[in-house]
Amino acid sequence: MVGEVNVGDVVSLNDKGMIQKGEGTTITKNKLLWKGKSMSHVYSTNVGSNILVIAYDGYVSVNYISDDGDVTEGETVPLPSIEGYPLSVDDLITLDNKVVVLIGSTNLLPISVSWDEASNSGKIVPGDLVRFTEPASYQPVIDTLGERCFAIGYFYSTGHGIKMSTRTGCVDAPSLKITLNDEVIYSDDYTFHGIAGLSETKYVLAKSGSLDGKDKDIHFQLATVNGTSVIVDKEVTLQNRSSFGFF
């Protein structure tokens, strides 16, 4: 910290990464090394009460955190490469039966996670990569639908603007096989978007930031899983909002 900073103060970061009193806008570049590896796009999720899974570009790790806060490092394994480049991580969620799903580089990767308390060691078993749309997609978001299924949202450029899409899928825990339902294009020409799972069959999509800059509202839509497809309902709008951290 720079000077005296109290709980409740409005703070910002200076160009040296120090907390200072007062608001401000700072652009910084952080480079974090873990055992000699550069970590970027770091995401984490818990499996049960004590197992922590960390995924970042090129690698995924499992660790055990005791009730007293002690950390035991488990296995770290490389992620599959995509066309010669490390898989870039966009998000990570936990499903039931100690399965996590990683999304990134227009692919999904199911991973089985376990921890043997007798040997105090963790193990990671990746499944097969599943590409969820053929064009290269951007800003994918993912959330859980019940204990074994998930919903994703993303967009891609067709050369004639942006197409916002969604689809759902499920993971068979023993085989780590992902089954995807049909892709549904539900909107054009928005870039900020979010997703929130509600139940096994329902989730909410959010969007904002039209490409022409004229739409200043946030739009929410209820999506319902119907067989192998998704039905996206009419928009509910919050007018004149500027926050894109939907959920």
Side-chain angles (χ1 to χ4, degrees), residues 1-74 76 88-94 100-104 138-144 151-155 190-198 203-221 235-247:
M1 293 184 293
V2 178
E4 183 178 353
V5 179
N6 299 311
V7 174
D9 290 343
V10 175
V11 298
S12 58
L13 294 177
N14 65 15
D15 57 3
K16 295 181 175 59
M18 303 287 286
I19 294 176
Q20 60 188 5
K21 195 170 184 177
E23 64 182 10
T25 301
T26 305
I27 299 175
T28 63
K29 180 180 180 181
N30 292 316
K31 185 174 182 180
L32 181 61
L33 295 177
W34 176 254
K35 296 185 176 180
K37 300 181 183 68
S38 176
M39 298 178 74
S40 56
H41 299 136
V42 182
Y43 289 87
S44 64
T45 186
N46 67 295
V47 178
S49 302
N50 300 94
I51 301 174
L52 179 69
V53 180
I54 302 171
Y56 49 99
D57 289 358
Y59 296 91
V60 59
S61 303
V62 59
N63 302 276
Y64 187 91
I65 302 178
S66 73
D67 294 339
D68 296 324
D70 298 323
V71 179
T72 303
E73 297 174 17
T76 296
S88 182
V89 180
D90 285 296
D91 206 353
L92 187 67
I93 61 167
T94 300
V100 301
V101 177
L102 184 154
I103 189 169
Y138 303 95
Q139 297 182 15
V141 290
I142 186 170
D143 204 0
T144 57
I152 57 177
Y154 49 94
F155 68 81
Y190 287 83
T191 54
F192 297 100
H193 62 129
I195 197 168
L198 302 178
Y203 60 101
V204 174
L205 295 162
K207 63 183 181 181
S208 185
S210 59
L211 290 184
D212 59 13
K214 295 179 180 179
D215 189 342
K216 305 296 184 181
D217 302 332
I218 296 179
H219 307 281
F220 297 91
Q221 292 170 270
E235 296 178 0
V236 176
T237 300
L238 292 177
Q239 295 182 340
N240 300 315
R241 297 298 203 273
S242 59
S243 173
F244 304 136
F246 301 110
F247 304 112

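Remember, predicted model here, so these are calculated numbers, not experimental data.
- Between Glu4 and Lys21, no side-chain nitrogen of the basic residue sits less than 4.0 Å from a carboxylate oxygen of the acidic one, so the salt-bridge criterion is not met.
- If you take CD on Glu235 and CD1 on Ile218, they are separated by 12.5 Å, rounding to the nearest 0.5 Å.
- Side chains of Leu238 and Phe220 form a contact here, defined as non-hydrogen atoms less than 4.5 Å apart.
- Between Ala55 and Leu102 the shortest heavy-atom distance is CB-CD1, 3.5 Å.
- Residues Val62 and Ile51 meet the side-chain proximity criterion, which asks for heavy atoms closer than 4.5 Å.
- Contact check for Val53 versus Leu92: side-chain heavy atoms found under the 4.5 Å cut-off.
- Looking at heavy atoms from C-beta onward, Val100 lies in side-chain contact with Val47 at the 4.5 angstrom threshold.
- Remark: side-chain polar atoms of Lys214 are not paired, donor with acceptor, to backbone N or O of Leu211 under 3.5 angstrom.
- At a threshold of 4.5 Å between non-hydrogen side-chain atoms, the residues Ile54 and Met39 count as touching.
- Pairing each heavy atom of Gln20 with each of Asn14, the nearest pair is OE1-CB, 3.4 Å.
- Remark: Ser88 OG to Tyr56 OH distance equals 13.5 Å, nearest 0.5 Å.
- The side-chain contact (heavy atoms from CB on, under 4.5 Å) test with Val89 is passed by exactly one of Val42, Asp57, Ile103: Asp57.
- Contact check for Pro140 versus Phe155: no side-chain heavy atoms found under the 4.5 Å cut-off.
- Considering every non-hydrogen atom in both Asp143 and Gly197, the closest pair reads OD2-N, 2.8 Å.
- Using a distance-only test at 3.5 Å, with no hydrogens or angles considered, a donor-acceptor pair links the side chain of His193 to the main chain of Gln139.
- With hydrogens and angles disregarded, a donor-acceptor distance shorter than 3.5 Å links the side chain of Ser66 to the backbone of Asp68.
- Separating the CG atom in Leu52 from the CG atom in Asn46 is a distance of 7.5 Å, to the nearest 0.5 Å.
- Only one option out of Asn63, Thr72, Asp67 pairs with Asn50 in a side-chain contact (heavy atoms from CB on, under 4.5 Å); it is Asp67.
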In sequence, state the C-alpha distance, the side-chain angles, and the governing distance for Tyr190 and Asp215, and then conclude on side-chain hydrogen bond (donor to acceptor under 3.5 Å, both in side chains). CA-CA 9 Å; Tyr190 287 83; Asp215 189 342; 2.4 Å; yes
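- Closest non-hydrogen pair, Gly153 versus Ile195, comes out as N-CD1, 3.9 Å.
- For the pair Ile19/Val2, no side-chain contact is recorded, criterion being any heavy-atom separation below 4.5 Å from C-beta on.
- Using a 4.5 Å cut-off on side-chain heavy atoms (C-beta onward), Lys207 and Gln221 make contact.
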I would like to know whether Ser12 and Glu23 meet side-chain contact (heavy atoms from CB on, under 4.5 Å); could you show each step before the answer? CA-CA 5 Å; Ser12 58; Glu23 64 182 10; 5.7 Å; no
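- Asp90 and Tyr43 share no side-chain donor-acceptor pair at under 3.5 Å.
- Minimum heavy-atom separation, Thr45 to Ile93: OG1-C, 4.1 Å.
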